[in-house]
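Okay, structure first, notes after.
Just so we're on the same page: letters track the sequence lines, and every chain starts at 1. These values consider heavy atoms only, across backbone and side chains, with no hydrogens, waters or symmetry-generated copies.
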Number of protein chains: 2
Amino acid sequence: MDLAAKIRSIPDFPKPGIIFKDITTLLADGPALRESVQKMLELYKDQVIDVVVGIESRGFIFASILAYELGVGMAPVRKPGRLPYKKISESYELEYGSDSLEMHIDAVKEGQRVLIVDDLLATGGTVEATARLVERLGGKVAGCCFLIELDFLKARDKLKNYRVEALVHYGAE
Amino acid sequence: MDLAAKIRSIPDFPKPGIIFKDITTLLADGPALRESVQKMLELYKDQVIDVVVGIESRGFIFASILAYELGVGMAPVRKPGRLPYKKISESYELEYGSDSLEMHIDAVKEGQRVLIVDDLLATGGTVEATARLVERLGGKVAGCCFLIELDFLKARDKLKNYRVEALVHYGAE
């Protein structure tokens, strides 16, 4: 199945000049959703995964299904102020300014192997912050998995210490 | 399995006097996550479901897994400004003021049977708004499914036209 054909491009969202990759058309397609998950599982089938971490909020979608299929737990990484228990925080750079992500201190345990999941890999800032959160809790990043990677933003330069996989690649802006 | 025992209560979050039900401890437990999903599937096994709608953002977790297991699509209902394509909006009341939710116009098609999913049923305002979104697009609400229901908030009064199911009930504040 051509998964790229299931993704809708929306010009000028959220601002002029950006072509937004809208995954809702893929999610709406039961067989495409299933095939996406099966391909992600296939990519990491040689790895032991103890926890799947999903980055708020679209990352929750694939992270949850992967955790379910692997029979392990799913841990959310969230924007500031949304997690209720004791937590740690890491900031990342935005085009203008910075933002941060939080994780519960019991989301990952010492020595656990963690798969980080999001729908789209852009500049990699949020993923890098998530990897730091996992490592501060003693976890090992077994991989970073995405439905989409915007290759031209070169996130892999930032994530070169990790195994990064994506199902659909966009090579030019 | 006692799913209620997997949920953590956090006093005074997000504000004094509120006991927040933290589901991250259940999500972190692979077998508890699996059993929750299996019980939800069991509740609606007599229903034909064409689309599963998840309410941002914790609703995405169970909605995604249920859609995947049913082999159908998952449609997100989101806070204002986050969906990139043509959409409709419905508002709901908050304790002070109101807020709204949005859905893409192609998220549900005429005649489709829709399962609405969220992690927690409180006052039911967001669920009622979501049901209106589904119905405006010509869908039929086959059911509303939650991990947790706060019975004392009496959301069922608001949702009396729908089939409502929850796995864990809290009877008093």
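- Proximity to chain A (any heavy atom under 4.5 Å) is restricted, for V72(B), to the backbone atoms N, CA, C and O.
- Using a 4.5 Å cut-off between heavy atoms, F20(B) contacts chain A through its side chain alone, with no backbone atom that close.
- Taking chain A as the reference chain and counting heavy-atom pairs below 4.5 Å, the highest number among E69(B), R82(B), E56(B) is found for E69(B).
- Heavy atoms closer than 4.5 Å to chain B are found nowhere in L70(A), neither backbone nor side chain.
- A donor-acceptor contact closer than 3.5 angstrom is absent between the side chains of R78(A) and S57(A).
- Counting heavy-atom pairs closer than 4.5 Å to chain A, the top residue among A32(B), P84(B), G30(B) is P84(B).
- In the displayed structure, K109(A) atom NZ is contacted under 6.0 Å by more than 12 heavy atoms of other residues, nucleotides or ligands.
- Residue with the most contacts toward chain B among A63(A), P14(A), G73(A), P31(A): G73(A) (heavy-atom pairs, distance under 4.5 Å).
- Tested against D29(A) for a salt bridge (Lys or Arg N to Asp or Glu O under 4.0 Å), the candidates K6(A), R8(A), R34(A) yield a single pass: K6(A).
- Placement of L147(B) and Y68(A) within a single hydrophobic cluster is found when ILVMFWY residues are connected by side-chain heavy-atom separations under 4.5 Å, directly or transitively.
- T130(A) places none of its side-chain heavy atoms less than 4.5 Å from the side chain of D118(A).
- Salt bridge R156(B)/E149(B): present, at least one basic N to carboxylate O contact under 4.0 Å.
- If you measure heavy-atom distances from I10(B) to chain A, the contacts under 4.5 Å come from the side chain alone.
- Looking at Q112(B), there are no atoms closer than 4.5 Å to chain A (heavy atoms on both sides), in backbone or side chain.
- For the pair R163(A) and Y44(A), the distance from NZ or CZ to the six-membered ring centre is under 6.0 Å and the angle to the ring normal is within 45 degrees.
- Residue L26(B): no heavy atom, backbone or side chain, is found under 4.5 Å from chain A.
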